[in-house]
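Below is one structure, written out as structure tokens, with a few remarks after it.
The shown structure was predicted, so the numbers you read here are calculated from the model rather than taken from an experiment. FYI, the numbering just counts along the sequence from 1.
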Amino acid sequence: MYTTETTMLGKLAAGENISWKEFYASYLPLIRNIASRKNIPANDIDDLVQETAAALFNDGKFNYRREVHGKFRTYLGGIIRHKIADFFRKDPPSANNQDETVETVAPEFESIYLAEYRKYILSLAIEELKSRVSPESFEVFQLCILREIPDKDAAKMLDSKPNTISVRKKRCREILQSIIVRLNDDDPVLGLKSL
């Protein structure tokens, strides 16, 4: 897993040996969640994900260039939106997706896409945090911040002192906040919030 989207995009743009399969695996949850929220039937989601990934690569080469396409978030969102619209062109509304048509894909798509994209980028930020702290500190982060277990209870669970837990939690928050600030500086529309 790449520590940031920027790192992966930079490697792809430089023509480094990163396959579309790696890219596909990284973005699979994001694209699946959006497709699901847009009422794409579960048995068609994988096809939509593959079509989206294929649109990003041409003859094995990554198509995106920031200076040409702008923010990757916007570029990827446009491709996903078009692939969803293509799906509804081919598959008229049914009992499962009766409210979805080509015309209805766009209006709320941006809000759905941005919400899912934020979750995706936050997951990358958490992966970066994991790479920057000790396993013990990350375990504290998972317990106290992600699962919201009180410090004293986490200290008992981890056979540690409450002060140690508090220090590790504070350090993880500071590092995560610095990652989030960097991501928001790169793309202010994200508006990521710290945990």
Side-chain angles (χ1 to χ4, degrees), residues 1-14 16-37 42 45 49 53 62 64 66 70-77 80 108-195:
M1 178 58 126
Y2 299 97
T3 56
T4 67
E5 176 189 43
T6 304
T7 302
M8 185 189 326
L9 295 177
K11 288 182 177 187
L12 286 164
E16 291 189 28
N17 189 22
I18 298 171
S19 72
W20 76 269
K21 288 181 182 179
E22 291 173 84
F23 182 87
Y24 171 88
S26 178
Y27 280 88
L28 175 67
L30 170 68
I31 300 167
R32 287 185 65 80
N33 289 346
I34 294 166
S36 178
R37 288 185 63 183
I45 290 177
V49 172
F62 191 52
Y64 170 75
R66 186 173 184 143
K71 293 277 184 202
F72 182 73
R73 172 184 48 78
T74 306
Y75 180 68
L76 177 62
I80 296 169
E108 84 274 350
F109 179 84
E110 283 305 315
S111 63
I112 289 171
Y113 176 67
L114 191 55
E116 291 299 329
Y117 197 80
R118 281 181 181 127
K119 288 180 197 174
Y120 170 72
I121 294 297
L122 185 58
S123 74
L124 290 181
I126 290 170
E127 283 297 314
E128 182 174 340
L129 169 69
K130 183 177 182 180
S131 74
R132 291 176 56 182
V133 299
S134 69
E136 296 81 12
S137 292
F138 191 72
E139 188 172 25
V140 169
F141 171 80
Q142 289 177 303
L143 291 174
C144 297
I145 297 175
L146 296 181
R147 294 180 50 200
E148 299 179 342
I149 293 174
D151 291 7
K152 287 183 181 182
D153 294 341
K156 288 178 187 172
M157 291 171 71
L158 299 174
D159 194 28
S160 187
K161 296 178 182 176
N163 188 48
T164 302
I165 298 298
S166 296
V167 168
R168 287 179 177 165
K169 181 174 84 171
K170 181 180 181 212
R171 180 72 179 133
C172 285
R173 275 192 199 272
E174 289 171 350
I175 292 170
L176 183 62
Q177 181 59 34
S178 72
I179 295 167
I180 287 173
V181 165
R182 186 186 74 231
L183 292 168
N184 282 333
D185 285 348
D186 185 51
D187 188 353
V189 172
L190 279 177
L192 290 176
K193 307 280 188 235
S194 191
L195 300 177

- Task: Measure from the side-chain N and O atoms of Arg173 to the backbone N and O of Leu195, and report whether any donor-acceptor pair falls under 3.5 Å.
- Result: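 Checking the backbone N and O of Leu195 against the side chain of Arg173, a donor-acceptor pair under 3.5 Å is found.
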
- Task: Give a yes or no on whether the backbone of Pro162 and the side-chain of Ser166 come within a donor-acceptor separation of less than 3.5 Å.
- Result: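 Checked: pair present.
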
Any non-hydrogen side-chain atom of [X] less than 4.5 Å from a side-chain atom of [Y]?
{"X": "Val189", "Y": "Thr74", "value": "no"}
{"X": "Lys152", "Y": "Lys156", "value": "no"}
{"X": "Tyr117", "Y": "Ile34", "value": "no"}
{"X": "Asp187", "Y": "Leu192", "value": "no"}
{"X": "Lys71", "Y": "Asp186", "value": "yes"}
{"X": "Lys119", "Y": "Glu116", "value": "yes"}
{"X": "Glu128", "Y": "Ile175", "value": "no"}
{"X": "Ile80", "Y": "Tyr113", "value": "yes"}

- Task: Could you walk me through whether Leu143 and Ile165 pass side-chain contact (heavy atoms from CB on, under 4.5 Å), step by step?
- Result: CA-CA 10 Å; Leu143 291 174; Ile165 298 298; over 6 Å; no

- Item | Minimum heavy-atom distance between Cys144 and Asp151, given as atom pair plus value |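 Closest approach of Cys144 to Asp151: SG-OD1, 3.7 Å.
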
- Could you tell me how the ring of Phe72 sits relative to the ring of Tyr27: parallel (under 30°), tilted (30 to 60°) or perpendicular (over 60°)? perpendicular

- Task: Applying side-chain contact (heavy atoms from CB on, under 4.5 Å), run through Ser160 and Glu139 and close with a yes or a no.
- Result: CA-CA 12 Å; Ser160 187; Glu139 188 172 25; over 6 Å; no

- Task: Kindly check if the number of other-residue, nucleotide or ligand heavy atoms within 6.0 Å of CZ (Arg171) is above 12?
- Result: no

- Task: Decide yes or no on side-chain contact (heavy atoms from CB on, under 4.5 Å) for Glu136 and Thr164, but give the supporting numbers first.
- Result: CA-CA 10 Å; Glu136 296 81 12; Thr164 302; over 6 Å; no

- Message: Assess whether a salt bridge exists between Glu127 and Lys130, defined as any Lys/Arg side-chain N lying under 4.0 Å from an Asp/Glu carboxylate O.
- Response: no

